[in-house]
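Predicted, not measured: the structure shown is a model, and the values here were computed from it. In what follows, every heavy atom counts, from backbone to side chain, and hydrogens, waters and symmetry copies are set aside. So that the names make sense, note that chain A is the first sequence line, chain B the second, and so on, each numbered from 1.
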Protein chains: 2
Amino acid sequence: MSQIESILKNSTLSVTTGRKRILEIFLSSNNALAHQDIESQCADEYDRVTIYRTLQTFLEKGIIHNIPSTDNITRYALCNEACIVSGHHHDNHVHFKCDSCGKTVCLDEVTIPKVQLPKGYTMKEINMVVNGVCKTCR
Amino acid sequence: MSQIESILKNSTLSVTTGRKRILEIFLSSNNALAHQDIESQCADEYDRVTIYRTLQTFLEKGIIHNIPSTDNITRYALCNEACIVSGHHHDNHVHFKCDSCGKTVCLDEVTIPKVQLPKGYTMKEINMVVNGVCKTCR
DNA sequence: ATGATTTTGCAACAAAGTTGCATTCCCTGT
DNA sequence: ACAGGGAATGCAACTTTGTTGCAAAATCAT
């Protein structure tokens, strides 16, 4: 069984050609993808709506996570195994968006430092996004 | 001259009733606002397009800053004076979004800790967003 | 292989954001 | 105070983005 199929099976999802194709696109990309990026790669094969629904399903199953940004474009990236701890997704690495090439990458090696919230606030999830120039654009 | 007018004048913007009204909405709100929030407060007074353009202008002038989020809704908050250092906006406080009431606030008292990026990466801006439950919802 | 269930595509819709242009408003100099 | 030039606004039209219902097709378990 292929890597792609086992990812789907592990999340108790049926294996369809559409899901396999979208997973393949993520696996062959080294940066985070917006809906638009995926659509432009397989709009002739799959419907726009299918892509929306597939991304939604992948999110819920913790196969991908979404990355906050100030430009109002939701980008998704594959979760690595460490992402999913006891069914609950926990992303503790920094995301970097390059102002030059526009690509967003997960900096797996940079962990988000702890912060002390004011009294009364409870933390459930934390995200850190850095903008700047990436190593290939510098 | 009112506080609102001097904010506009300091940014070399002409003082119009629309801009004053939108600034007023920000000043009287203690949380970050999405375009929709503003529209619902003054849709009868000003056109949707005007609100878009005004927010865009305020962003460019550094009067407001936008706050990243994973829910794909751009929210804006007033910059305090510390935000604008030599014309360039620099936001170094943590943002908190409450999962219960949905409000996003600037935690001015919590500064973003330094992080070490991998070799070759240059940092221009850093954002930290915490999700959880705020003190009024707990 | 067959039937139940899930997924997909299509169509239609709703929401969000953009653009061009004519009108109105604001600011400056007199 | 007011006239003229430039900027801001409103309107209409449009594009993009995301959602929903339903029938057809694909997947999975037996």
Side-chain angles (χ1 to χ4, degrees), chain A residues 1-2 4-26 32-61 63-64 66-76 102 104, chain B residues 1-2 4-26 32-61 63-64 66-76 102 104:
Chain A
M1 183 163 52
S2 74
I4 288 176
E5 286 191 14
S6 57
I7 291 175
L8 291 172
K9 291 255 173 81
N10 286 344
S11 302
T12 61
L13 289 175
S14 46
V15 179
T16 68
T17 51
R19 287 175 179 166
K20 283 197 286 184
R21 181 75 180 91
I22 290 177
L23 261 185
E24 187 189 298
I25 291 172
F26 273 109
L33 300 171
H35 171 93
Q36 181 56 51
D37 299 324
I38 294 163
E39 199 180 320
S40 64
Q41 282 189 60
C42 63
D44 48 338
E45 306 164 66
Y46 301 102
D47 193 81
R48 226 160 51 83
V49 177
T50 302
I51 299 171
Y52 277 113
R53 291 198 267 227
T54 303
L55 289 175
Q56 190 55 41
T57 305
F58 285 1
L59 251 192
E60 283 161 9
K61 292 292 185 177
I63 295 173
I64 57 178
N66 62 1
I67 299 168
S69 79
T70 50
D71 63 6
N72 203 17
I73 296 173
T74 313
R75 270 171 270 258
Y76 305 89
T104 300
Chain B
M1 183 162 54
S2 74
I4 288 177
E5 286 191 14
S6 56
I7 292 175
L8 292 171
K9 292 253 173 82
N10 287 342
S11 301
T12 61
L13 289 175
S14 47
V15 179
T16 68
T17 52
R19 287 175 179 166
K20 282 196 285 184
R21 180 76 180 92
I22 290 177
L23 260 185
E24 186 188 299
I25 292 172
F26 273 109
L33 300 171
H35 170 92
Q36 181 56 53
D37 300 323
I38 295 163
E39 200 181 320
S40 64
Q41 282 189 62
C42 64
D44 48 337
E45 306 164 65
Y46 301 102
D47 195 80
R48 224 160 53 84
V49 177
T50 301
I51 299 171
Y52 278 114
R53 292 198 266 227
T54 302
L55 289 174
Q56 191 55 42
T57 305
F58 284 1
L59 250 192
E60 283 161 8
K61 292 292 184 176
I63 296 174
I64 57 176
N66 61 2
I67 299 169
S69 80
T70 50
D71 64 5
N72 204 17
I73 296 174
T74 313
R75 269 171 271 259
Y76 305 89
T104 300

Protein-nucleotide distance ([X], atom [atom1]; [N], atom [atom2]), rounded to Å:
X: Arg19(B); N: dA7(D); atom1: CZ; atom2: C1'; answer: 8 Å
X: Asp71(A); N: dT18(C); atom1: CG; atom2: P; answer: 12 Å
X: Leu55(B); N: dG17(C); atom1: CG; atom2: P; answer: 10 Å
X: Leu59(B); N: dG17(C); atom1: CG; atom2: P; answer: 12 Å
X: Leu33(B); N: dA16(C); atom1: CG; atom2: C1'; answer: 17 Å
X: Arg21(B); N: dA8(D); atom1: CZ; atom2: C1'; answer: 18 Å
X: Arg75(B); N: dA16(C); atom1: CZ; atom2: C1'; answer: 15 Å
X: Leu13(A); N: dT5(C); atom1: CG; atom2: P; answer: 18 Å

* **Distance (rounded to the nearest 0.5 Å) between Asp44(B) CG and Glu39(B) CD** =>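 Taking CG in Asp44(B) and CD in Glu39(B), the distance rounds to 10.5 Å.
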From CG (Asn66(A)) to NE2 (His35(A)), nearest 0.5 Å =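 If I round to the nearest 0.5 Å, the distance is 14.5 Å.
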message = Do Leu55(B) and Phe26(B) make a side-chain contact, defined as non-hydrogen atoms from C-beta onward lying under 4.5 Å apart?
response =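 A side-chain contact under 4.5 Å exists here.
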* To do: Could you check if a side-chain atom of Ile63(A) sits within less than 4.5 angstrom of a side-chain atom of Leu23(A), using non-hydrogen atoms only?
  =>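 Touching, per the 4.5 Å side-chain cut-off.
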In B/S/- notation (B base, S sugar-phosphate only, - none; protein heavy atoms under 4.0 Å), nucleotides 10-17 of chain D written 5' to 3' is BBB----B
Exercise for review: Take Thr74(B) and Ser14(B), find for each the nucleotide of DNA chain C with the closest heavy atom, and name the residue whose nucleotide sits nearer the 5' end.
Suggested key: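 The answer here is Thr74(B).
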dT8(C), OP1 or OP2 - any side-chain N/O from Thr16(A) closer than 4.0 Å?
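Checking Thr16(A) against dT8(C): at least one side-chain N or O falls below 4.0 Å of OP1 or OP2.
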| Residues Asn72(B) and Thr74(A): side-chain donor-acceptor under 3.5 angstrom |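 Yes, Thr74(A) and Asn72(B) have a side-chain donor paired with an acceptor closer than 3.5 Å.
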### Of Ile7(B), Thr12(B), Leu8(B), the residue whose pairing with Lys61(B) passes side chain to side chain contact (heavy atoms under 4.5 Å, CB included)
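Checked Ile7(B), Thr12(B), Leu8(B) against Lys61(B); only one passes side chain to side chain contact (heavy atoms under 4.5 Å, CB included): Thr12(B).
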